[in-house]
Structure formats: C-alpha cells, structure tokens
Amino acid sequence: MSNKMWGGRFETGPDAIMEEINASIGFDQRLYAQDIAGSKAHASMLAAKGIIDKADAEKIVAGLDTILSEIDAGDFTFQRALEDIHMNIESRLAVLLGPAAGRLHTARSRNDQVATDFRLYVRDTIDTLDAQFKDLQKALVEKALVHSGTVMPGFTHLQTAQPVTFGHHLLAYVEMLGRDRGRFRDARARLNECPLGAAALAGTSFPIDRFATAKALGFDRPTANSLDSVSDRDFVLETLAAASIAAMHLSRFAEEIVIWTSPLTGLLKLSDRFTTGSSIMPQKRNPDAAELVRAKIGRIAGAFSGLLMVMKGLALAYAKDMQEDKEGAFDALSTLSLMIAATSGMVRDMVPDEKRMKDAAGSGYSTATDLADWLVRVLGLPFREAHHVTGRIVALAAGRDVALHKLSLADMQEVEPRITNEVFGVLSVAKSVASRVSYGGTAPKNVRAQAKRWLKQLDKP
Ligand code: ARG
C-alpha cells in the first residue's frame, strides 16, 4: 500500500528496512501532548484568519482533545507505518473526523511542527528540572544549617589541607547548582521563540498569524527566519550542555559520598535506604546510588556530543539527520532528573560521623597554616619565614609521630624561641574554622549567614 500522506506520487510502500530506519514513533510518541497543543493553536489560528472554516476548526480541536485522552489513557495504537507522532495523530484525526482533518496541515509542515514540539518539550523539561534543582538546594541548605559547626577535613589534592565545616562543604554545591539553574534559565529564555508557521522552510503564502500561535503556546515571539526555524537544534545542544555541566557537579559530589562512606574514611553514613548489600560479602554496604550518579554523566555528555556530531556540517534546512536529535536528549534529560532525585534522597539521608570528621580534620597537621598565621600576627614574622618555621615544627612533630598540639612549648621554642603558650589557642580545629571569617570563609557563623541567605532566596517562588 502506498502512503496515505504522500501516496499521490508513490506506487508502492516502503521496504521493511526503509520503514525500520525511518520510523521515529518508537521514541517521539513522548511528544504527543506538545504536538496536540501545537496543532490546536494552529487550527484555531487558521480559523481566526479565515483560512479554514470555524466549524472545521472546532471539530479538529475536539478531535485532538479526544486523541489526547486516548493517549493519556493508554488507549491509542501507535503504528510504525505512520512513521512519527505527527502522522500518527493526524491519521487518527482523519479516522475520527473524515476529510475535515486534512485541513489541519494547511500552512505548516512536519518540519516546523517537530521544531515547535521539541521546543515545547525541552521548555517543559527545564521547568521540571528547575523545581528539582531547587529541592536539592533546599535539602543541602537545611543540612548545612544543622552542620554549620561540624568540623571536617578540607582537602586539596585529596590530601588533608585545612579544617572546614561540613555545612560549608555542602553550601559549595548549593552555589554550583545555583549557576546550573542559571544556565538552564538562559537556555530557556533563548529557546522561547515559536517556529510554527515557518512551514517546510520558506514560510507560506497563506495569511497566517504567527504571533497569535506563538502567544497561544506561551512563546515570547515567533522565530524571525523560516530557514533557521526548521534547522535550529542549538536549543537542544545548549540544554544538553547545561545538563552536562550540572551532571558533572552531581558526579563530583557523588564521588565524595563514595569516599566519605568508605570504611577507609568513615566520615559519612548512608542508611539502608540508599545502600545495597553484597550477594557474597555479608558485611558490605555499597553506595550504589552515589556510584550511579557519579557514572551517569557519561550518557548526558554523550548525548551532547552525539547531537553536536549530528548537526555538524548539516546544510540548511531540514534533513532527516535531525530526527536523531531526540533519543539522546530524552535519555539525557530524564537521566539528569533521576540523578537529582537520587542526590536529594542521599542528602536527606546522610549522617556525618562527627567524631571521625573532627579527628580526621585534626590529622595531617591541618592547622599548620593557623600556626604560620599566628607567627605572622603575633610575632610579626613575614609569612614566608613563618611558613619555614612552621615547616620545621611540623617536621619535628612528624618525626615523633604526634599531632602539632601534642608538642610541648619547649619543643616549639627550640625552633622559634619567641613562641608563647598562647599558640596552643589556634591549634585546635574548632578555633581554626572559627577564625575563617573572611567573606565566603568556612567559619560557622558565615555558614549560618549564607545558609539563611539561600533559604530566603529558595523560598521565593
Ligand atoms: N519525525 C521527523 C523528525 O523527527 C519529523 C519531521 C519530518 N520531516 C520531514 N521532512 N521528513 O525529524
């Protein structure tokens, strides 16, 4: 049987393999709600402009609503022979309405239709992700507030560097997620132009009102160039780039969760709800959720570079290559959503081992910088000299395998005779973090102030 939509020019139907490689209904059926919304706006505009009968437009809109509830209810049979979501819906409309259904496709093409559908889909998804990001930020800020004074080791090179607070560490991710949300917001603002009415590539001779359809679909304005309208997929790329960066942030946090829950550090506990056991080793509690969050960036960054390669070198305007824009993007965006949900779950679930954190914070001579700063502040040494003196004191302590504050005053005076007892006041990890009051520093009172600032901001709608 030749094709219902373009059978006029064709004598036979497609080869089975042609049909298999060509069909997108297996994945683009996800766009049904956006496709129906676009078609309804288009039909209403056509009637308002007198291009089709009002009565026909009303039938079309009612028919599309019927189809929407059929699909919602799982009562719709998608057919591969009909290629994609656009033709599946239109052909069902023809069954419901008869010839009037055929008027819907006046002054449009699947090229502007799919570009519109996909923009609507990406826009909706960005809005859902934003709410999820916000929830994750809230979870982090609430935990940070509880742990504004919980001391843990801060690392550089994954070596103990200086004591920080757990709350401060969590707020670092709140900042990153804030920028991630900004990137998605920017992408959303740029994509919010409506391609509908660009038709196949050149525009149309019908007196359509693109401003009306743009408005009806919540776009800021119609796109200004018909060729660009049907050729552009950079709105997807930009969204996937933002998704890749956000996933990278989540992956870094996940790696920290893996390290901190390892018995090697034992800094953090996850409950049974966010760990799994081993089928052979009864003692195991594996942080699988964190590991998967760490790993799943691969699919997201892969979708980004995959689509970049699809679009590279593609001459204007539409080519079927562009149908390859969807699967990766669908997968990447739902993967990111799952990553955020799992991370929020772990944040709410996690309990730091405050004693181990504090002990670890004090190990590895983590307050050596505090000692050097004291030498500068109290004895007036230039920092470079203070660094050298401190280095010798650390070497002395390391030689005896004791912590800095376990050295005696006499030991320290051997290196620098002017040191007084007062120095022991800065060697504890609690004093160290409390002294880091510079703006953005880790002092508990800074952390509380930043957490409160964030809470206020996150409570805004
Ligand atoms: N399924 C197609 C896609 O996703 C819809 C556009 C088809 N347009 C065309 N000229 N064949 O790209």
Side-chain angles (χ1 to χ4, degrees), residues 2-10 13-15 17-39 41-42 64 67 71 76 78-94 102 104-125 191 194-204 213 217 223 225-237 239-240 303 306-333:
S2 80
N3 190 291
K4 272 195 245 164
M5 301 289 173
W6 55 69
R9 173 78 174 75
F10 284 65
D15 189 273
I17 287 295
M18 174 66 211
E19 189 180 298
E20 184 177 347
I21 194 171
N22 202 35
S24 54
I25 188 62
F27 48 87
D28 68 11
Q29 50 181 267
R30 206 188 276 231
L31 297 175
Y32 74 94
Q34 289 80 8
D35 195 69
I36 288 172
S39 291
H42 185 66
L64 289 166
I67 295 171
I71 301 179
F76 189 97
F78 293 105
Q79 294 176 57
R80 198 173 77 174
L82 294 170
E83 247 188 84
D84 58 23
I85 186 62
H86 324 294
M87 299 212 291
N88 268 268
I89 289 176
E90 197 184 319
S91 115
R92 176 69 186 142
L93 196 65
L104 171 62
H105 213 53
T106 314
R108 78 170 185 187
S109 142
R110 277 188 297 158
N111 297 349
D112 57 337
Q113 198 179 346
V114 72
T116 305
D117 292 3
F118 206 19
R119 279 188 196 232
L120 287 172
Y121 178 89
V122 171
R123 194 179 74 184
D124 290 347
T125 306
L191 75 73
C194 187
L196 193 60
L201 75 165
T204 176
T213 41
L217 294 169
T223 50
N225 180 297
S226 61
L227 288 167
D228 176 47
S229 308
V230 294
S231 304
D232 165 39
R233 291 295 180 275
D234 57 48
F235 70 92
V236 194
L237 286 168
T239 304
L240 291 176
L307 181 56
L308 200 57
M309 290 311 104
V310 168
M311 298 307 295
K312 170 198 166 294
L314 202 59
L316 306 190
Y318 179 86
K320 201 60 172 262
D321 307 51
M322 292 167 74
Q323 180 168 285
E324 287 292 307
D325 60 353
K326 289 175 210 59
E327 277 171 292
F330 288 151
D331 179 70
L333 297 175

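Every number for a ligand or one of its atoms is a count from 1 in the order of the listing. Each residue takes its place number in the sequence, starting with 1.
Not counting sequence neighbours, the partners of Glu19 by the side-chain hydrogen bond (donor to acceptor under 3.5 Å, both in side chains) test are Arg80. The side-chain hydrogen bond (donor to acceptor under 3.5 Å, both in side chains) search around Glu90 returns none, not counting sequence neighbours.
For residues 107-119, the set of pairs meeting the salt bridge (charged side-chain N to carboxylate O under 4.0 Å, His left out) definition, not counting sequence neighbours, comprises Glu83-Arg110, Asp84-Arg110, Arg119-Asp232.
No more than 12 heavy atoms of other residues, nucleotides or ligands shown are found within 6.0 angstrom of NZ on Lys312. For Gln29, the CD atom sits in a packed shell: over 12 heavy atoms of surrounding residues, nucleotides or ligands are nearer than 6.0 Å.
With Lys326 as the partner, the side chain to side chain contact (heavy atoms under 4.5 Å, CB included) test is satisfied by one option alone out of Asp331, Val236, Leu307, Asp28: Asp28.
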Inventory of protein N or O atoms under 3.5 Å from ligand 1 N or O:
from: ligand 1; atom 1: 1 (N); to: Ser24; atom 2: OG; distance (Å): 3.3
from: ligand 1; atom 1: 1 (N); to: Asp84; atom 2: OD2; distance (Å): 3.0
from: ligand 1; atom 1: 1 (N); to: Gln323; atom 2: OE1; distance (Å): 2.7
from: ligand 1; atom 1: 4 (O); to: Lys326; atom 2: NZ; distance (Å): 2.5
from: ligand 1; atom 1: 8 (N); to: Asn111; atom 2: OD1; distance (Å): 2.9
from: ligand 1; atom 1: 10 (N); to: Asn111; atom 2: OD1; distance (Å): 3.0
from: ligand 1; atom 1: 11 (N); to: Arg110; atom 2: NH2; distance (Å): 3.4
from: ligand 1; atom 1: 12 (O); to: Tyr318; atom 2: OH; distance (Å): 2.4

